[in-house]
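Below is one structure; the comments refer to it alone.
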Amino acid sequence: MYPSRFRYESPRSIDEAIALLQEGGGEAKVLAGGQSLVPLLKLRFAAPELLVDINDLPGLGYHTVDPDGTTRIGALCRHADLERSTVLPTRQPTMAAAAPLVADPMVRNRGTLVGSLCHADPQGDWASVVTALGGHVVAQGAGGRRSIPMAQFVTGPFQNALGYDEIAVEAVIPAPHGKPAGGYLKLERRVGDFATVAVAVAVERSHSVVTRAGIALTGVGGATINAVEAAQALVGHPLTARTIGDAADLAARAAQPRTDHRGSAEYKRQVVRTFVKRILTGVNEPTRKAA
Amino acid sequence: MTQARDEIKIGGLGASRKRVEDNRFVRGKGRYVDDIVLPGMLHMEILRSPLAHARITSIDVSKAWQIPGVRLVLTGDMMAARNLAWMPTLSYDTQAVLATDKVRFQGQEVACVVADDPYIAKDACEAIVVEYEPLPVIVNPAQAVAEGAPVIRDDKENQPDNVVFTWEVGDKAGTDRAFAQADVVSTLDLHYPRSHPSPLECCGSIADFDRSTSKLTVYMTTQAPHIIRAAVALVAELPEHMIRIVSPDLGGGFGNKVPVYPGYVASILASILLERPVKWIEDKTGNLISTGFGRDIYLRGEMALRNDGKILGVRMYTDSDHGAFFSDAQPSKFKIGLLHSAFSCYDIPVAHLVNRGVYTNKAPGGVAYRCSFRVTEAMYFQERMVQAAADDLGMDQAEFRRRNFVRDDDFPHRTPWGFLTDSGQYGKCLDVGLEAIGYQDFLTEKEEARKQGRLLGIGISTMTEPLGAGNSREYDILGIKMFDSAELRVHITGKAILRTGAKSQGQGHETTWAQIVAHELGIPAEDITVEEGDTDTAPFGMGTYASRSTPVAGAAVSMVARKVRAKARKLAAHLLEVSEEDIEWELGRFYVRSAPDHGVTIQECAIAAYSNMPDGMEPGLENVAYYDPPNLTWPFGCYIATVEVDPQTGVWDVLRVVAVDDCGVRINPMIVEGQIMGGLTEAYAMANMQFITFDAQGNCVGSNYMDYLLPTAWETPGYELHEVVTPSPHHPIGAKGVGECATVGGPAAFVNAVMDAIRDTGVRNIDMPLLPDRVYEALTKRHDVSGAPPVRTDDE
Ligand SMILES: Cc1cc2nc3c(=O)[nH]c(=O)nc-3n(C[C@H](O)[C@H](O)[C@H](O)COP(=O)(O)OP(=O)(O)OC[C@H]3O[C@@H](n4cnc5c(N)ncnc54)[C@H](O)[C@@H]3O)c2cc1C
């Protein structure tokens, strides 16, 4: 397939990249892993005049945990880096559970977490994970840096809060206060498939009482769904069959699925309910297959 | 014994030699159509219809012509001016090359642009302005025959409705009598969804018309180059000797590359008009939405049963959805292909089948997606009906099959719909399968699991199928009989080149044909080059599909090698100075019967053929054989799957798959096993995830690999393969077709297993693919789940 004509630049510094975006004046696009943008180009669903390839920008491939427990993921950190991470399984179990479920191994070698957040696909996995963890995105433009909470970053299907000349430089997950636990379950038809339904759950507990909780849903609405009420139902209590059941029901209610060739709305709600329950009851081994 | 051992050593029959073609494929040195670059070559892109049914009110190509680098814009009107807007189909209908009056399916070819590069051609396609007036859309047979349905083929005279044909076979009155005597009548309704063969390489062609020689060379993705040459000669009215079709390496075919597509025709016309080579390479979406699909057929099945498990008679009422043009690519004389080969492995006294074919606003051109035409549907319907019948009788599904199998000593056996099966050991195959899976133990395990709320299931599928199109009585393409051919030339040093009329697209002919020659002549397989696909050099043949290569072309290879051996025998007699009658043959060597040490090798005969022939003998050692098989071959397959269904999500996992295949003598067991594993994977895909469906507006759902799912190594289950060998009684080396058995027989094994796991719901059928939501719906709502289009959406 043959995309429309475009100009291509690969700047060596963030400043240079921002200058190019300004020059493009809204007709430019950042190219990160290319795993969402290139398919759009080849189908001619997107036809930007200028591609600003950020892959040569130095020092953005990291994912680290600060001494205070804050997790930072640089704009060029690939899904595969997170899948193979040695720090995530203990420090960010929800992220660790999600990483091997994003796309397929080839896509994971190139695609980036930050790019996935920017792409704002309602079926994207990372947006739910970062939402459940209460994270934010750091954007850099000509005027400097600003932080955008994940809940405000996605403004609609395939729309984000970045200005046309801003680059998302990192995603940040705040330090947990209690002991972090959680998981990510995804119903996919085969490896590399987008989620029919997926659920991210993150809880922090202190003396087995939930101090913070986040539940977010993939693929069951026009954008990632932050199931705030469902999460709130857990806070202040230990995890019991009752609180878990309540949270699962509230999450199912928060979903806004559509009936399509992947399943009926009713079915998708049921899967949300089942997945919330399974993650919280600890059935959430980070296995390959969702269910 | 020593002969067998020697034979393996030279890569003969039974040797699992590595595929010689893989040497270039794994190195990235395959040469596909898209790899070919000719001097001065231009590029063609196709503009397709976004709508499924609409009248074309205007086409404005002026902006496209203005783009620099555009060389030609073709529309339906321009084709019509050359009498090429429509072309005949292999099923004696007509098909639009470029739309003139209406578009009749989403993705239909509307215009073509030829330009200096494909980017420009694509830009120019986007610059063409087409105005459409939408018409009501039909996406299934019920809509097609409904009162007041719009007539899709209003271009045809005498076509007042959307029925393409009604076709009937069997004994209606006799079947009615059998049903009158039945203790139990079992019924089943289901849909075999539309699927797509989806070779990784899409279709494409490079047409190169040379005005100075008047010769047209077309490099083309085709499984049947000679048929294409004949078709081009007839359609384009070019002299046949001035046409050369070359089918280079093919990236898969699976039936998709049998038909003639508008892109081929347009590229040929463009090359003739421009006098330059024109390349057309289809993209994945174009391939999935417009080219030959598989299946899409509805069944109402009825079985008359006696309480002791005997099947007394069968009725099948089927509706087939052919899309907008009846361009089924099939060579049989039967309108609905070999659908009536259903139930051939069972001893059924009488049966009746009626099929109604309809036009819909969907892509045309059913192909035999890895099967003899419609055999996959036949065997799926058969094995689903068999399971339902066993359930209705409360009988064990293995036992029910065993009671109804044609017995080993009942061959040849005439089926109720007229086929003649010739060999098999059906009961033995089933026993091997049951033993391998541990049938009784699994039934116990399943009961235990059930008490804990876990849903385990086991599914069996057993079938014999007609492979090898054909024999010339019942099969032809455009009147050309379904034989095949081989030409063998032994060089001076005893090396050889073999050419056949078949065309490998992954089956490994370069490897196995050499093995047949090695078996017949004792020339080591590695000394034999195999060539196919170039009509200027290969003998006339009908190509590769319907598992016909080994049954037909493979037989021709045997026969031509035997002709060569007969001449070599004369040469040997001359060299050994004895008479021919005094000579014996062992692998690779003639010797004097009375003095076995006194002999000559086949290689020595080869030299003699060019340097020391007896007086009066024509020099050279080569021959050609055309083979018209006396019958189809009838392999047998027994496929057993076990599954576990998750009651909360409807997701099912395959636990084990056992396959027992009896394809007669195996030429290269490794390649046979590869074919079976590939077939099982396609079967699993169709049962689990794969289908092309349509919404109410006729939009194709499944137009790219995000929606049309090919299973990856990750979810593909492991397979346990077993074999039984019943040689074909008529094939020269006893081989039967096998390339398609597992695709044909496999789906029912998976579906039967899931249905078995949810047996307690009383649900009789869930249509393929058994998506988790469909299984969940069956589990919770306890009703059958249909998968017929249009797909359910919120918009209704
Ligand atoms: C076959 C396949 C299967 C897939 N399956 C899944 C799946 O199951 N789950 C899933 O979540 N995703 C899936 N994806 C998408 C994949 O995860 C992408 O990698 C991801 O969505 C985008 O990341 P990227 O780095 O590739 O971004 P790109 O494709 O380079 O960019 C995507 C968009 O974000 C913008 N962008 C990217 N980075 C920045 C930045 N730093 N600042 C500003 N804007 C930026 C781009 O301009 C573009 O608009 C799949 C992709 C493919 C091809």
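Here the structure is a predicted model, which means the values were calculated and not measured. Quick note on labels: first sequence line is chain A, next is B, and so on, each numbered from 1.
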- Using a cut-off of under 4.5 Å on heavy-atom pairs, state which of A:Arg190, A:Glu266, A:Arg5, A:Arg189 scores highest against chain B. A:Arg190
- Item | Part of B:Met689 lying under 4.5 Å from any heavy atom of chain A | side chain
- B:Lys63 with B:Asp123: basic N within carboxylate O range, under 4.0 Å: no
- Message: Any salt bridge linking B:Asp283 with A:Lys42? Criterion: basic side-chain nitrogen under 4.0 Å from a carboxylate oxygen.
- Response: no
- Look at the side chain of A:Ser85 and the backbone N and O of A:Asp81, then say whether any donor-acceptor pair between them is shorter than 3.5 Å. no
- Item | Region of B:Glu777 that comes under 4.5 Å of a non-hydrogen atom in chain A | neither
- Return the minimal non-hydrogen interatomic distance between B:Met686 and B:Pro747, and the atom names on each side. CE-CG, 4.2 Å
- Item | Heavy-atom side-chain proximity of B:Trp280 to B:Cys203 below 4.5 angstrom | yes
- Task: Before accepting this row, confirm whether a basic side-chain N of the pair A:Lys268/B:Asp773 lies closer than 4.0 Å to the acidic partner's carboxylate O.
- Result: no
- By a 4.5 Å heavy-atom criterion (distance strictly below it), what part of B:Pro769 contacts chain A: side chain, backbone, both, or neither? neither
- Interface check, chain A: of B:Thr285, B:Asp707, B:Thr693, B:Asn688, most non-hydrogen pairs under 4.5 Å belong to B:Asp707
- Task: Look at the side chain of B:His196 and the backbone N and O of B:Ser198, then say whether any donor-acceptor pair between them is shorter than 3.5 Å.
- Result: yes
- Check each atom of B:Leu709 against the heavy atoms of chain A and say whether the ones under 4.5 Å are side chain, backbone, both or neither. both
- Task: Answer with side chain, backbone, both or neither: which region of A:Thr274 has an atom nearer than 4.5 Å to a non-hydrogen atom of chain B?
- Result: side chain
- Message: Looking only at heavy atoms and a cut-off of under 4.5 Å, which of B:Arg774, B:Lys284, B:Lys781 has the most pairs with chain A?
- Response: B:Lys781
- By a 4.5 Å heavy-atom criterion (distance strictly below it), what part of A:Pro3 contacts chain B: side chain, backbone, both, or neither? both
- Message: So which residue, A:Arg262, A:Arg44, A:Arg273, ends up with the most heavy-atom pairs under 4.5 Å with chain B?
- Response: A:Arg44
